[in-house]
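One structure is given below, encoded as structure tokens.
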Amino acid sequence: MARNRNREEEDASIDMTPMLDIVFIMLIFFIVTTSFVKEAGIQVNKPDASNTTKEPSANIFIAIRDTGEVWMDKRQVDVERVGANIERMLAEQPTDVVVIQADRKAEHGVVVEVMDQVKEAGIDKISIAAEKK
């Protein structure tokens with residue numbers, strides 16, 4: 001009888017392989033479906049606006065400081081290189097909206113140059129970030 005009891009205990013093990021397969025499939029699913037947001041990397045003092053809307057599908061952000069510095073993907077870039085950087089980001093993850101976070105004291109000319117570079121990269125929807133009053 002002791003032999004039968006030991007044999008039953010050995011046969012009563014739980015097979016964990018199907019559960020591990022499901023966990024790995026879920027992990028792969030979440031990695032593939034996650035959208036990666038390319039943040040500018042700095043904080044700016046955005047201007048106030050009474051009518052603001054939230055842009056749901058934006059994942060490329062460009063920040064412009066009051067000194068005229070342009071930041072993309074947590075690094076400073078030249079205004080002339082904004083288009084090339086956007087094309088590189090679009091190759092990684094396509095989008096149709098770019099959000100420009102310009103400081104309230106940033107020069108208008110720099111903002112317009114950045115907008116021109118975004119248009120040349122092939123994106124027609126440009127949003128300007130603002131704080132709600």
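Count residues from 1 along the sequence.
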Can you tell me how far CD1 of Ile126 sits from CD1 of Ile60, rounded to the nearest 0.5 angstrom? 11.5 Å

Given side-chain contact (heavy atoms from CB on, under 4.5 Å), test Gln101 with Ile64 step by step and report yes or no. CA-CA 6 Å; Gln101 300 170 326; Ile64 303 172; over 6 Å; no

Can you name the nearest heavy-atom pair linking Ile128 to Met115, along with the distance? CD1-SD, 4.4 Å

Check whether any side-chain heavy atom of Asn85 sits under 4.5 Å from a side-chain heavy atom of Arg75, and report yes or no. yes

Members other than Phe30 in its cluster, when Ile, Leu, Val, Met, Phe, Trp, Tyr link by side-chain heavy atoms under 4.5 Å? Ile22, Met26, Phe29

CA sep, side-chain torsions, deciding dist, call: Ile62, Ile86, side-chain contact (heavy atoms from CB on, under 4.5 Å): CA-CA 10 Å; Ile62 302 171; Ile86 289 178; 3.8 Å; yes

Identified side-chain contact (heavy atoms from CB on, under 4.5 Å) partner of Ile123 from the options Asp96, Val97, Leu90: Leu90

N/O donor-acceptor pair under 3.5 Å between Asp103 side chain and Lys105 backbone: yes

Here the gap from Ile100 atom CD1 to Met72 atom CE, rounded to the nearest 0.5 Å, amounts to 9.5 Å

Contact summary for Ala121 and Gly83, nearest pair of heavy atoms: CB-O, 3.8 Å

In Å and rounded to the nearest 0.5 Å, what is the CD to CG distance from Glu69 to Asp78? 11.0 Å

Answer whether the closest heavy-atom distance between the side chains of Val70 and Glu113 falls below 4.5 Å. no

Compare every heavy atom of Val79 with every heavy atom of Gln117, then report the nearest pair and how far apart it is. CG-O, 3.3 Å

Tell me if the CD atom of Gln76 is crowded by more than 12 foreign heavy atoms within 6.0 Å. yes

Please report the shortest heavy-atom distance between Val111 and Ala102, naming the atom on each side. CG2-CB, 3.9 Å

